[in-house]
Amino acid sequence: MFAEVMVDLKTKEIQSSYDYIIPSDLEGFLKLGMRVVVPFGNMTRVGLITKIKSESLAATKAIIEPFDMEPIVDKELFHLINYLEEEAMIPSVLAYHKVIPDALSVEYQKVIRVMKRDGLKEPLKSLLIDDVVVFKKTWRKYSSAFQKAVSSGSIEIDEAIDQKRSIQTENYYLKTTKVPQTQKQQALWLYLNEPKRIEDILDSGYSKQMVQTLVKMGSISIQKQEKMVVFKPTYAEDSKALTREQKEAVLAIKESLLKYERFLLKGVSASGKTEVFLQLCMELSKKRKQAMIITLDTALIEQLRLYLNPFLSVAVIDPEDTLQSRLDSYRAAQTGYVDVLITTPSGIFTPFKSLGIIIADEAQDPSYIDYAKTIHGLDMLQERARYNNIPLVYASATPPVQLYYDATLGKLRLIELNEKVYQTKDQLQIVDMKKELENGNLSMLSKPLYDAINRSLKDNKQALILANRNGFAPYVLCRSCGHVPTCERCDTTLTYFENKRRLKCPHCGYQMKYEPKCMACGSDKVRPVGMGIEQVEVQMKRTFPLAKIARLDSETTSKKGVYQATINAFKAKKIDILIGTQMISKGHDFDIPVVGILLIDSMLKAPSYLANERCYQLIKQTMGRAGRKQAGVSIVQTYQTDHFVLKSLEDEIGFYEQELNRRQIAHYPPYYQLLSIVFKGNSLDQAERAATKLKQQIISRYSQYEVVGPSESDIKTFKLMIKTGKRQDLKHWIQSIKQYYDKENLSVRFYRYDDIV
DNA sequence: AGCACGCCGACT
DNA sequence: GTCGGCGTGCTC
């Protein structure tokens, strides 16, 4: 027999499936979806069995050994890998790496054994102080030196595979056919009529000693089985009584529990969405089916877990947890040992024994699109729901335009939860900052917002300020020559952080020390330009010197636990004014009379077709934090009072309709599909030529496509943006483009979810 | 001729 | 990702 194996070749986007001979002793044991160790060139690599077949013309080498005891990729995951390859245009090896969790990935090592020490020259001499040294990535630096040392016989090299985390096993004890002599021993022997763990045996009153003697005598055998972490519900009493709307929502979704259907559960926070989730999960648990809930971050995961755990067994995959704990939860979901799995979008590929529902919470959030803009989490979840024939519930207070559009077409069912648990009338005020300037107010704080905060502080109450812009200033400018420092890697302007005196790239994380001297002309007239959250904090402290002020942004929360601690302190009223980026807008219920929204003008101008929707959602969500029990006011400061996003903050339907109208006219989703094609060559020139050439070819051959660009995007790259009514059309020629440019020593990449226009 | 270096393609 | 083959070009 033969196996088709997808060899783990991390970077190259080449054909990666090769045929291997299955050694006769592994026949029957090796199955589809298991990983195996195979020889590849002069290397030893891990690969995934993608097919088992009885004939192969190509196979010459045999599989060395199995790497897993059972398949780690099931039918559904194969389907998803295939989907990523076809729809997201990701090469299959990369798709495989997306689907396999980090905890199960492997690293390749070189084990160097010193044979003749006197033959060694520098730098090897000082590197190989011990007789056996293991190298990982640093191997590459010295590979040629090692090579020479091998041929001169001073060292030998072996390959080793390092698993980051393996599936843990533990011993189970089982009786054999050999009956022991004494009565006591026989009691233990009879008790082990099925495999039991040592803890359970001890709990039942038998001693370790006895087990061991019986093992020695051959009356008990030891089996290795996977060690499962058990997630148990904490068993509370009855759940809360449902409101009429909640009952209707639960009923509507319950009706289609065993078929594929999409729902949009629209409700502001505190409208009781979580209770609806709980009811659905409990219903499924009775049917021995599992639920997957996706949310955004540690805090929201924890909130959900605390709500569900009294009634259900709940596992959690949080990227901030350790590899081992993520793997435990992964296995619990895969083996069906848990009712509910809560995870962030990073966990959307977790396999389940028997999945019954998928709930995508905070469905409007951009983090559902992966960093590389090639995968949309919501699309993957839709594919999984379709595959498993189960419902998919999107939950959001401010649904993405795409889902609103789908709902109007009847492609998904809209369920609204309108009743706020606390009824209050929220007030909205939009302040024109141009007028403030005319009236002589030079500060970043408008008079109405200043008054509102002041009043609140006098009443011993709090204020929440959204300033969604990291750092002290969006960029620094040399007033002498006009130079603006940009990122080496992505060419975007660097954000200035005053506290750390550093310039950072908001895009890729590149950072450098800030010197108040111009890198281009040497002048010392370098000044920060524009406003960021650090500056807001400084000014707030100056304006309200007696108030306790805290800031929540990516910088202050880089240490684990700070986020939650600050939120808790704010809830406990130990902080008077909380200033934060978008991270303060999600999930938390504060009871505050004043919400101030600053620095949104640049967001409205962002070069993304999603800018309006993101800004609208952010403002709405932040407003939603204000005034639960008490009356609240939200104050939005802007220079663009006429912008339709701001004008329709209290007219939801109006917003969606105007935005949809705009997108239809400008040819954006949901009416048109986008595909960006990015060329990266050895030189800017080469990339531009290729992009221009392809554009002409597309225009002349396919009149239905609209091509925008080419425009310079990252360093040494040019981008074309294709807009088309039907995406189906694109697939067939993408393959040929790829092959064509591979020969030209140019890299071409395709991004389905690029929103930057 | 002899060797160092870099690019290219094969790897089942 | 890794290695070997082959061509180029430099040096003795």
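In the text below, chain A, chain B and the rest are named by the order of the sequence lines, each starting its count at 1. Quick caveat, the model's predicted, so the values are computed rather than measured.
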Undergrad: If we only count heavy atoms from C-beta on, is the Asp162(A) to Lys136(A) side-chain gap below 4.5 Å?
TA: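 A side-chain contact exists here, since the closest heavy-atom pair is under 4.5 Å.
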Undergrad: Quick one: closest heavy-atom pair of Leu392(A) and Gln382(A), and the distance?
TA: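 Of all heavy-atom pairs spanning Leu392(A) and Gln382(A), the closest is CD2-CA, 3.6 Å.
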Undergrad: Can you tell me how far P of dG1(C) sits from OH of Tyr108(A), to the nearest Å?
TA: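 Going from Tyr108(A) (OH) to dG1(C) (P), I get 12 Å.
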Undergrad: Round to a whole Å and report the spacing from CD1 of Ile64(A) to C1' of dC11(B).
TA: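 It works out to 14 Å between those atoms.
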Undergrad: What is the distance from CZ of Arg45(A) to C1' of dA10(B), rounded to the nearest Å?
TA: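 The answer, rounded to whole Å, is 15 Å.
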Undergrad: Any side-chain heavy atom of Tyr330(A) sitting closer than 4.5 Å to one from Pro351(A)?
TA: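 When only atoms from C-beta onward are counted, Pro351(A) and Tyr330(A) do touch, with a gap below 4.5 Å.
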Undergrad: Answer yes or no for Lys98(A) and Phe349(A): cation-pi contact, defined as NZ/CZ to six-membered ring centre under 6.0 Å and angle to ring axis within 45°.
TA: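 Relative to the ring axis of Phe349(A), which defines the angle, Lys98(A) lies outside at least one limit.
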Undergrad: Specify the separation, in whole Å, of atom CG of Asp8(A) and atom C1' of dT2(C).
TA: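 Answer to the nearest Å: 14 Å.
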Undergrad: Describe, in one word, how the ring planes of Phe40(A) and Tyr18(A) are oriented to each other, choosing from parallel (under 30°), tilted (30 to 60°) and perpendicular (over 60°).
TA: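 Because their plane-to-plane angle is over 60°, the rings of Phe40(A) and Tyr18(A) count as perpendicular.
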Undergrad: In dot-bracket form, 5' to 3', how is DNA chain B paired? Count Watson-Crick and G-U wobble pairs only if both distances fall under 3.5 Å, and write | where the partner sits on another strand.
TA: |||||||||||.
Undergrad: Identify which nucleotide among dG1(C), dC11(B), dG4(C) has an atom closest to any side-chain atom of Asn42(A), counting heavy atoms from C-beta outward.
TA: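 Among the listed nucleotides, the one closest to the side chain of Asn42(A) is dG4(C).
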Undergrad: Just how far, in rounded Å, is C1' of dA10(B) from CG of Leu9(A)?
TA: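 Roughly 11 Å, once rounded to whole Å.
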Undergrad: Would you call Lys695(A) and Phe718(A) a side-chain contact if the rule is heavy atoms closer than 4.5 Å?
TA: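 They are not in contact (no side-chain heavy atoms under 4.5 Å apart), so the answer is no.
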Undergrad: Is it the case that more than 12 heavy atoms not belonging to Glu27(A) sit under 6.0 Å from its CD atom?
TA: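 Result for CD/Glu27(A): enclosed.
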Undergrad: With the threshold set at under 4.0 Å for non-hydrogen atoms, list the residues of residues 21-39 of chain A touching DNA chain B in residue-number order.
TA: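 By residue number: none to list.
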Undergrad: Determine whether Met583(A) and Asp297(A) make a side-chain contact, defined as any pair of heavy atoms from C-beta on separated by less than 4.5 Å.
TA: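 Result no, sub-4.5 Å side-chain heavy-atom pair not found.
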Undergrad: Can you identify which nucleotide, out of dC3(C), dG1(C), dT12(B), has its nearest atom closest to the Lys110(A) side chain?
TA: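 Nucleotide nearest to Lys110(A)'s side chain: dC3(C).
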Undergrad: What is the distance, to the nearest angstrom, from the CD atom on Glu159(A) to the P atom on dG1(C)?
TA: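 Distance, rounded to whole Å: 14 Å.
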Undergrad: Nearest whole Å is fine: how far is dT12(B) P from Asp19(A) CG?
TA: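 These atoms are roughly 11 Å apart.
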Undergrad: Grab the CE-P distance between Met43(A) and dG9(B) for me, whole Å please.
TA: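 Value for this atom pair: 17 Å.
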Undergrad: Taking only residues two or more places apart in sequence, or in another chain, which ones meet Lys53(A) in a side-chain hydrogen bond (donor to acceptor under 3.5 Å, both in side chains)?
TA: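 Expected list: Glu4(A), Asp19(A).
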